[in-house]
Asks: 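Handing you a structure now.
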Amino acid sequence: LRLRRDRSLARVLRETYLRQDFRFELPPLSYDDGTGPSHFVVPDVQALLSYLEVFELPALTGVVLLESVLRAAYIKAGPRTFARIRGIIRDHRRQGTVFH
């Protein structure tokens, strides 16, 4: 239930589907010489916003951000914080990506 501006209640329904029909592959991040990330980090919204300074460190590579997490982070934190998150994705040295 959600409280509207006019103080009435509205029901909010969200459907979640787990899909088994596709594989998760990141070909641009796999390197033959072993320089690619050995692990991937997939944070949720709370972890991303709480530990954004950690995610901005250049030593942390292989960050996979879900599109729904990006949307929720923009709504919760605003455009300035979202610009910092986009910087993590755009920096090719960090080898981050967005999962759509």
Asks: Could you list the residues that satisfy salt bridge (charged side-chain N to carboxylate O under 4.0 Å, His left out) with Arg93, not counting sequence neighbours?
Replies: Asp91

Asks: If I take atom CD1 from residue Ile88 and atom CG from residue Leu65, how far apart are they, to the nearest 0.5 angstrom?
Replies: 7.0 Å

Asks: Mind listing the side-chain donor-acceptor pairs of residues 41-54 below 3.5 Å, one per line with the distance, residues two or more places apart or on another chain?
Replies:
unit_1 : atom_1 : unit_2 : atom_2 : d
Asp44  : OD1    : Ala47  : N      : 3.0
Gln46  : NE2    : Ser50  : OG     : 3.2
Ser50  : OG     : Gln46  : O      : 2.8

Asks: Side chain to side chain donor-acceptor pair (under 3.5 Å): which pairs involve residues 73-86, sequence neighbours left out?
Replies: Glu56-Arg84

Asks: Would you give the length of the straight line joining atom CZ of Phe99 to atom CG of Leu70, rounded to the nearest 0.5 angstrom?
Replies: 12.5 Å

Asks: When rounded to the nearest 0.5 angstrom, what distance separates CG in Leu66 from CZ in Arg71?
Replies: 10.5 Å

